[in-house]
Protein chains: 2
Amino acid sequence: MVKTQREKAVLLFHALSDLTRLELLDKLKNGEQCVCDLTEALHSGQSRLSFHLKVLKEAELINDRREGRWVYYALNPDAIEDLEDFVRDLKETTRLGGASKSCA
Amino acid sequence: MVKTQREKAVLLFHALSDLTRLELLDKLKNGEQCVCDLTEALHSGQSRLSFHLKVLKEAELINDRREGRWVYYALNPDAIEDLEDFVRDLKETTRLGGASKSCA
DNA sequence: ACCATACATCAACAATTGTTGATAAGTCAA
DNA sequence: TTGACTTATCAACAATTGTTGATGTATGGT
């Protein structure tokens with residue numbers, strides 16, 4: 001299935017619209033972490049975090065890498081560029097241009 | 001009720017995590033619009049848009065202004081700064097710093 | 001081969017979010 | 001004041017999202 005740019009944005013923002021997931025991202029700012037570290041850090045159940053990590057991964061905000069029994073998650077720098085693009089686009093076009101007034 | 005910075009971010013991203021709302025923002029890039037214009041542009045029911053506009057407003061992404069019978073909505077430049085701050089913070093701390101390896 | 005560990009997936013359920021049509025509230029014009 | 005018009009709000013319902021505990025899968029140690 002083909003996703004428009006806007007649908008991709010929806011996916012990205014949805015991934016960011018949850019407290020637990022923002023906390024996960026925050027932890028990952030300190031570098032790669034395995035799930036066991038994250039569950040301990042967030043005092044959370046394992047399946048719960050697995051769910052949220054999946055959401056973040058599907059939005060391509062994070063990458064995973066298996067090493068032995070452990071899976072390490074890390075921030076994906078590409079996603080940050082996507083975010084920057086969106087914000088730039090919104091900003092550039094936020095000129096206080098004249099209202100349409102078509103309904104006056 | 002006091003909101004942490006992160007809870008504000010959740011609110012902001014939630015507002016952005018919907019196709020209809022992104023379309024609304026897109027329309028508002030052309031300047032202030034009244035609800036009647038927006039309903040026509042998006043081929044959408046009025047109460048539906050009213051709902052989404054409320055979400056955007058509560059996230060402080062847009063402002064409203066009454067003029068006679070009409071209510072005009074417009075992008076709020078401050079929100080864009082909040083977005084920029086978030087992205088900058090995420091970016092700056094995305095150093096590919098060493099993993100913790102505490103579980104090895 | 002067996003067991004323990006680390007993580008993913010699933011099903012059942014709970015909570016939140018979005019839609020629709022009806023009604024209410026505010027504004028203006030006659 | 002009556003009525004038309006624009007928008008907001010509400011209640012009922014539908015759809016999506018998140019949680020929990022149980023089970024499945026892969027890996028490595030003994």
Side-chain angles (χ1 to χ4, degrees), chain A residues 1 3 6-7 10-25 27-28 32-59 61-74 99-104, chain B residues 1 3 6-7 10-25 27-28 32-59 61-74 99-104:
Chain A
M1 188 228 177
K3 282 217 187 314
R6 209 170 273 163
E7 280 165 338
V10 167
L11 204 67
L12 188 61
F13 289 126
H14 170 253
L16 291 168
S17 69
D18 178 277
L19 205 50
T20 301
R21 292 195 286 268
L22 290 187
E23 283 169 0
L24 284 171
L25 292 179
K27 291 300 169 196
L28 292 178
E32 252 191 345
Q33 311 256 340
C34 66
V35 180
C36 54
D37 281 343
L38 295 168
T39 53
E40 190 172 336
L42 299 199
H43 306 293
S44 171
Q46 179 264 316
S47 73
R48 184 168 172 271
L49 283 203
S50 208
F51 168 77
H52 287 296
L53 287 165
K54 187 177 183 179
V55 174
L56 290 170
K57 188 183 165 186
E58 283 173 351
L61 278 160
I62 58 176
N63 297 126
D64 61 344
R65 173 178 73 83
R66 171 147 227 146
E67 188 176 317
R69 307 192 217 186
W70 297 280
V71 174
Y72 289 91
Y73 283 94
S100 59
K101 300 279 184 185
S102 73
C103 46
Chain B
M1 187 227 175
K3 283 218 188 312
R6 209 170 273 163
E7 279 166 339
V10 167
L11 203 68
L12 188 61
F13 289 125
H14 170 252
L16 291 169
S17 69
D18 178 277
L19 205 50
T20 301
R21 291 195 288 268
L22 290 187
E23 282 169 0
L24 284 171
L25 292 179
K27 292 298 171 200
L28 292 179
E32 251 190 347
Q33 312 257 339
C34 66
V35 180
C36 53
D37 282 343
L38 295 169
T39 53
E40 190 172 335
L42 299 198
H43 306 291
S44 171
Q46 179 264 317
S47 72
R48 184 168 171 271
L49 283 203
S50 209
F51 168 78
H52 287 297
L53 288 165
K54 187 177 184 180
V55 174
L56 289 171
K57 188 183 166 189
E58 283 174 350
L61 278 159
I62 59 177
N63 297 127
D64 61 342
R65 175 178 73 84
R66 172 147 227 145
E67 188 177 318
R69 308 192 215 186
W70 296 280
V71 175
Y72 289 91
Y73 282 94
S100 59
K101 301 279 183 181
S102 73
C103 48

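Residue numbers start from 1 in every chain, and the chains themselves are labelled A, B, ... in the order their sequence lines are given, proteins ahead of strands.
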Visitor: Tell me the interatomic distance from B/Lys54, atom NZ, to C/dT17, atom P, rounded to whole angstroms.
Guide: 13 Å
Visitor: Residues two or more places apart in sequence or in another chain: which of them pass ring pair (Phe, Tyr, Trp, His ring centres under 6.0 Å) with B/Phe51?
Guide: none
Visitor: What integer distance in Å separates B/Gln33:CD from D/dT7:C1'?
Guide: 16 Å
Visitor: Rounded to the nearest 0.5 Å, how far apart are CG of A/Leu24 and CG of A/Leu61?
Guide: 11.0 Å
Visitor: Among the nucleotides C/dA8, D/dT7, C/dG18, which one has an atom lying closest to any side-chain atom of A/Ser50?
Guide: C/dA8
Visitor: Rounded off to whole Å, could you give me the CG-to-P distance for the B/Leu11 and C/dT16 pair?
Guide: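 Roughly 14 Å, once rounded to whole Å.
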Visitor: With no hydrogens and no angle check, is any side-chain donor or acceptor of A/Arg21 less than 3.5 Å from a backbone partner on A/His14?
Guide: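 Yes, the answer is positive, given that a donor and an acceptor are paired below the 3.5 Å cut-off.
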Visitor: Can you confirm whether B/Leu16 sits close enough to A/Leu12 that some side-chain heavy atom of one is under 4.5 Å from a side-chain heavy atom of the other?
Guide: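 Counting from C-beta outward, B/Leu16 and A/Leu12 never come under 4.5 Å.
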Visitor: Taking only side-chain N and O atoms of B/Tyr73, does any of them lie within less than 4.0 angstrom of OP1 or OP2 on D/dA8?
Guide: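 Yes, B/Tyr73 has a side-chain N/O under 4.0 Å of OP1/OP2 on D/dA8.
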Visitor: Take atom CH2 of A/Trp70 and atom P of C/dA8, then tell me their distance rounded to the nearest Å.
Guide: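 It works out to 14 Å between those atoms.
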Visitor: Please examine the side chains of B/Leu56 and B/Leu28, heavy atoms only from C-beta on, and report whether any two atoms are closer than 4.5 Å.
Guide: no
Visitor: What I'd like to find out is whether the side chain of A/Thr20 reaches to under 4.5 Å of the side chain of A/Leu49, using heavy atoms alone.
Guide: yes
Visitor: Along nucleotides 19-25 of chain C, 5' to 3', which nucleotides get a B, which get an S, and which get a -, given that the test is a protein heavy-atom distance under 4.0 Å?
Guide: BBBB---
Visitor: Nearest-Å distance, CG (B/Leu49) to P (D/dA8)?
Guide: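 To the nearest whole Å, that distance equals 10 Å.
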Visitor: Scan nucleotides 24-30 of chain D nucleotide by nucleotide, 5' to 3', and note B when protein non-hydrogen atoms come under 4.0 Å of the base, S if they reach only the sugar-phosphate, - if neither.
Guide: ---BSS-
